[in-house]
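Heads up: the structure comes next, in structure tokens.
Labels below follow one simple rule: chain letters A, B, ... track the order of the sequence lines, proteins then strands, and each chain is numbered from 1.
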Amino acid sequence: MENYLEQLNGVQREAVVHTKGPVMIVAGAGSGKTRVLTYRIAHLLKTGVDAFNILSLTFTNKAAREMKERIEKIVGSSEARNLWMGTFHSVFAKILRIEAERLGYPSNFTIYDTDDTKSLIKTILKEQGLDDKIYKPGVVYNRISSAKNSLISWQAYKQNAEIMEEDRMAAKPKLGLVYELYQKRCFNSGAMDFDDLLFNTNVLLRDFPEVLNKYQHKFKYILVDEYQDTNFSQYVIVKKLAAASENICVVGDDAQSIYAFRGANIQNILNFKKDYPDLQVFKLEQNYRSTQVIVNASNSVIRNNKDQLQKDVWTSNDVGDKIKVIKTYSDNEEGNSVAHSIFETKMNEQAHNHDFAILYRTNAQSRAMEEALRKMGIPYRIYGGLSFYKRKEIKDLLAYYRLTINHNDEEALKRIINYPARGIGNSTLEKLVVAAAENNTSIWNVIESPNGLQLNLSAATYTKLQDFVMMIRSFEVQLTTQNAFTLGNQIAISSGILRELYTDKSPEGVARHENIQELLNGMKEFSDRELAAELLTDQKPDVSLTAFMQDIALLTDSDESDKDDTNKVSLMTIHSAKGLEFPYVHIVGLEENLFPSQLSLSSRDDLEEERRLFYVALTRAEKKVTLSYSTSRYKWGNLISCEPSRFIEEVDSKYLDYNEPASQQVSTNFDDERSNYNGGFVKNKFVPRQKEIVAKPAAAPLVPPRKNLVRMNTSLAKNNSVTEIIGDDTKNLQPEMMVEHGRFGKGVVKKMEGVFPNQKATIHFESAGEKLLILKFAKLKII
DNA sequence: GTGTAATGCTATTGG
DNA sequence: AGCATTACAC
């Protein structure tokens, strides 16, 4: 790979070799941005720059990993391993661990995720007697978060007359106090939330000149990807670090800025030149990814935005097919039509499952898509949503690990002090919390040295608390002697979590047990790196539980590589599709109030962000885009009617192919179409839903509330007499019968046990494998 | 203190 | 529709 420079076009090459001084690369969608970044770093290494002197900030850790691998191939050595590369959060978490003590934090500080944060806010609100209907935890969190991302400390917040007035007007005068208490509580718990990682990095660089100096000289070359999505806090960090060398290269596309909602400031890229008058700007405008239709159509959309950097994205690729627009009458039908279209394209163009992506605005839209794909027997993977590490059982076990590493971690302690149940209930916990607050210390310290505190606890409770402390202490002493797996496994056993889950024989309990096993397997893999690395180098990686926890703290769903078969259709929100590309892209739910979101309609800036989001969605596609919308959709259990999105009209109509009259689309039965395919589909016979929601009369704009009806059904379903009626369907199930389950799809009955109404069936599902289901709960259909 | 049933709240987007 | 919190019975 010596001749890497020859693989670049003119501008790309200039952007790669111009390594000195401030550089901004404005990279249109699909213009080979990743390639330029990769080659630029490779070029730095080739021309003698030490890997230790390069800092590269990427949008995901996965992107960093992949880039490192490619760089390694180009420079032909393992030198790339020494690059500092990762997300803002992971890189600065690493630095904060090194420097933590200067800020009064332990170096093994816990990183609170959104759940921990919200839970702590709720606790504080309750303690302060604030009504959580006025002080909604989510809103409070956002307010604190954006303050931090604007580098406003709680002290500054409370001193700022304008802010205090705003809060008074919003009937939340105590918000500053909540912010203060929240920060103090985190500090006492040895914990930082996501925003603290950036905020505290700023404190570090501001208050400790020697530290700033150290990292300024360490990072002589700084690269920032997706610069359009950085917030003020990140902006200041970059600016400070780059101040000494000014070898700063930012890459971005203002047209793809989609994270304003979490503080990203598009002005960071629009105003970059003001900070660096000597700035060299390179514009990558040739799109290598998409067809002319897609490129031109996307341009026609983004033209509706006002504020942008001038650029002209073009392509010399094929013209390509027009963008199909599909109208359906319900969300389920939309799913069916997408699944059907994917099936058809696979047949006609010899495409693979992994060539397809279904993109939506909100996670809730995935369900209709999942159901339809499952019915068609098309494998898929959902990104985002409920990730592995967010599952209850996983979080429970991780809380034990967290508390073992950092005893002051309040959220972890509260989660497990009585799980599995050990007789330490709410009233005890409350007494502990009060004592901790009064003495400005952590709950752990109160439990461990209760002498002199008026706790008012029974002797029996004391014993239980001491047992708990002893248990955690016994784990702690092994932190330095055992690897992550050995200790992790022992904690899973000694804590009683494994036993607790093992006793639960319900399908859900079994699944939870399996998840714990999966976590432990992951830890085994992690720990085994030691053996693998020993053979290759003399460097021993840290395989302690502490290291494992630091490794996973900032993982996201997109960072996980799927272990099993990767040939799957990808389902994700448009936000998580950033930076990805697929031959065939379905953008679904193009309806007013959904996309653009209802919440964005009141301000021009928000609407423009939605439009950029649409632009991002369109430009993910290489060959074909299909847009779809539905005229009705369920929301909060109610059927609402929908209008097509304004964004469809914003696409220059010469690139659009409005599908055939609705009559062809109304049917959800694809049997006719299928008979046209010569075989090959017998196995996955498509089964239409019994009764699809059919279009309602056009007259009524809004369907009368269905709420009562839904309520009635729910309560009735719990009534025995109705169970019997539902049970009728399945109570005579026999082995070998085919059934369909709402979640697991189609399967064959293997074994029946128990007597009505408590029958259980072992069913082998095509996609989900063998499951034991209780018939009166499982909604099964015989097919 | 523990476990279950009823209630009620909520859904942009994410590190 | 699903989930978390709350209310209430043991």
Side-chain angles (χ1 to χ4, degrees), chain A residues 57-61 86-93 111-115 117-119 122 126 132-133 136-138 141-142 145 148-149 192-198 226 229-231 233-234 257-264 331 359-368 383-387 389-390 392 418-429 458 460-461 464 553-559 572-578 589 593-601 606 609-610 612-613 616-617 633-639 706-707 709-711 713-715 717-718 742-743 779:
Chain A
L57 297 164
T58 55
F59 195 68
T60 63
N61 289 311
T87 60
F88 272 89
H89 290 90
S90 65
V91 165
F92 294 113
I111 297 174
Y112 274 179
D113 68 12
T114 316
D115 289 343
T117 298
K118 290 223 176 110
S119 146
K122 273 187 203 167
K126 201 178 269 176
D132 65 0
K133 289 196 181 73
K136 289 188 178 160
Y141 172 51
N142 283 336
S145 171
K148 285 195 236 179
N149 285 328
M192 299 192 197
D193 67 19
F194 291 135
D195 304 313
D196 289 335
L197 294 175
L198 304 175
E226 308 283 6
D229 285 324
T230 51
N231 60 38
S233 185
Q234 293 166 318
S257 160
I258 53 175
Y259 279 95
F261 74 90
R262 68 170 200 222
D331 38 11
L359 307 181
Y360 33 78
R361 180 64 179 80
T362 63
N363 282 307
Q365 288 165 261
S366 72
R367 184 140 41 98
Y383 293 76
L386 233 206
S387 84
Y389 293 103
K390 287 216 169 114
K392 185 192 170 297
N418 198 32
Y419 178 82
R422 48 175 72 88
I424 305 172
N426 272 334
S427 56
T428 305
L429 189 58
S458 71
T461 308
K464 286 173 191 159
L554 293 165
L555 274 190
T556 67
D557 208 34
S558 338
D559 292 326
M572 62 184 92
T573 63
I574 302 166
H575 282 91
S576 37
K578 182 162 103 158
N593 298 328
L594 179 61
F595 192 18
S597 149
Q598 185 160 25
L599 296 155
S600 72
L601 297 180
D606 290 350
E609 176 147 315
E610 294 284 308
R612 291 192 294 269
L613 195 55
V616 168
R633 181 176 295 278
Y634 275 98
K635 196 179 187 182
W636 288 322
N638 290 328
L639 192 65
R706 257 179 58 109
K707 204 159 189 167
L709 197 77
V710 173
R711 277 289 142 139
N713 281 344
T714 330
S715 53
K718 282 168 190 158
R743 202 140 53 90
K779 286 172 198 143

Would you kindly give the CD-to-C1' distance between A/Q365 and B/dT13, to the nearest whole Å?
-> 11 Å

Taking salt bridge (charged side-chain N to carboxylate O under 4.0 Å, His left out) as the test, write out the residues that go with A/D115, two or more places apart.
-> A/K395

All salt bridge (charged side-chain N to carboxylate O under 4.0 Å, His left out) counterparts of A/K392, not counting sequence neighbours | A/D396

Does A/S600 put a side-chain nitrogen or oxygen below 4.0 Å from OP1 or OP2 of B/dT12?
-> no

First of A/G425 and A/Y141 reached from the 5' end of DNA chain B, by closest nucleotide | A/G425

Short side-chain N/O contact to B/dG14 OP1/OP2 from A/T573, under 4.0 Å = yes

Proximal nucleotide (of B/dT12, B/dG1, B/dG15) relative to the A/S427 side chain | B/dG1

Rounded to whole Å, the CG-C1' distance (A/N61 to B/dG15) equals 10 Å

Distance, rounded to the nearest Å, where A/E609 contributes CD and B/dG14 contributes P = 12 Å

Across the strands shown, which category fits A/L554 at heavy-atom distances under 4.0 angstrom: base, sugar-phosphate, nothing?
-> nothing

State which of B/dG1, C/dG2, B/dT13 makes the closest approach to the side chain of A/T362.
-> B/dT13

On a plain distance test, is the side chain of A/D195 in donor-acceptor contact with the base of B/dG15 below 3.5 Å?
-> yes

Evaluate the ring planes of A/Y259 and A/F59, with Trp represented by its six-membered ring, and classify them as parallel (under 30°), tilted (30 to 60°) or perpendicular (over 60°).
-> tilted

How far does the P atom of B/dA11 sit from the matching atom of C/dT6, given to the nearest Å?
-> 15 Å

So, the side chain of A/D331 versus the backbone of A/Y634: is there a donor-acceptor pair under 3.5 Å, distance only?
-> yes

Could you give the CD-to-C1' distance, from A/E226 to B/dG15, as a whole number of Å?
-> 14 Å

A/F261 on top of B/dT13's base, within under 5.5 Å and under 30°?
-> yes

Pick out the pairs of N or O atoms, protein on one side and nucleotides 4-6 of chain C on the other, that lie under 3.5 Å.
residue : atom : partner : partner atom : Å
C/dT5   : OP1  : A/K122  : NZ           : 3.2

Starting from the 5' end of DNA chain B, give me the residue, A/S145 or A/A421, whose nearest nucleotide shows up first.
-> A/A421

Just call it for A/T428: base, sugar-phosphate, or nothing, with non-hydrogen atoms closer than 4.0 Å on any strand.
-> sugar-phosphate

Please state whether the phosphate of B/dG15, meaning OP1 or OP2, lies under 4.0 angstrom from any side-chain nitrogen or oxygen of A/T114.
-> no

Look at A/N418 and B/dT2 and indicate whether a side-chain polar atom (N or O) is within less than 4.0 Å of OP1 or OP2.
-> yes

Applying ring-ring contact (aromatic ring centres under 6.0 Å, His included), name anything that partners A/Y360, two or more places apart in sequence or on another chain.
-> none

For A/R262, which residues count as a side chain to side chain donor-acceptor pair (under 3.5 Å) partner, sequence neighbours excluded?
-> none

Check whether any side-chain N or O of A/N418 sits under 3.5 Å from a backbone N or O of A/G423 as a donor-acceptor pair, and report yes or no.
-> yes

Mind checking A/T60 for me? I need base, sugar-phosphate or nothing, with any heavy atom below 4.0 Å counting as a touch.
-> nothing

Which of these passes side-chain hydrogen bond (donor to acceptor under 3.5 Å, both in side chains) with A/K148: A/D196, A/D195, A/N231?
-> A/D196

Go through A/D132 and A/K126 one step at a time and tell me if the salt bridge (Lys or Arg N to Asp or Glu O under 4.0 Å) criterion holds.
-> CA-CA 8 Å; A/D132 65 0; A/K126 201 178 269 176; over 6 Å; no

With heavy atoms under 4.0 Å as the rule, sort A/F595 into base, sugar-phosphate or nothing.
-> nothing

Which part of the nucleic acid, if any, lies within reach of A/Y389 when heavy atoms closer than 4.0 Å are counted: base, sugar-phosphate only, or nothing?
-> nothing

Measure from CG on A/D113 to P on B/dG14 and round the result to the nearest Å.
-> 15 Å

Distances under 3.5 Å only, N/O to N/O: pair up the protein atoms with those of nucleotides 7-10 of chain C.
none

Report which part of the nucleic acid A/K136 touches: base, sugar-phosphate, or nothing (heavy-atom distance under 4.0 Å, all strands).
-> sugar-phosphate

A/K133 NZ to B/dG8 C1', straight-line distance once rounded to whole Å = 9 Å

Provide the distance between the two P atoms, one in C/dA4 and one in B/dT13, to the nearest whole Å.
-> 16 Å

May I ask you to check whether A/S600 and A/S597 show a side-chain donor-acceptor distance below 3.5 Å?
-> no

Nearest-angstrom distance from the residue atom CD of A/E610 to P of B/dT13 | 11 Å

Can you check whether A/N363 has a side-chain N or O nearer than 4.0 Å to OP1 or OP2 of B/dG14?
-> yes

Sugar-phosphate only, base, or nothing, as touched by A/K390 at under 4.0 Å among non-hydrogen atoms | nothing

Distance, nearest 0.5 Å, that separates CG of A/L197 from NE2 of A/H89 = 6.0 Å

Rounding to a whole Å, what distance do you find between A/N142:CG and B/dA11:P?
-> 11 Å

Donor-acceptor under 3.5 Å (A/D229 side chain, A/A264 main chain) | no

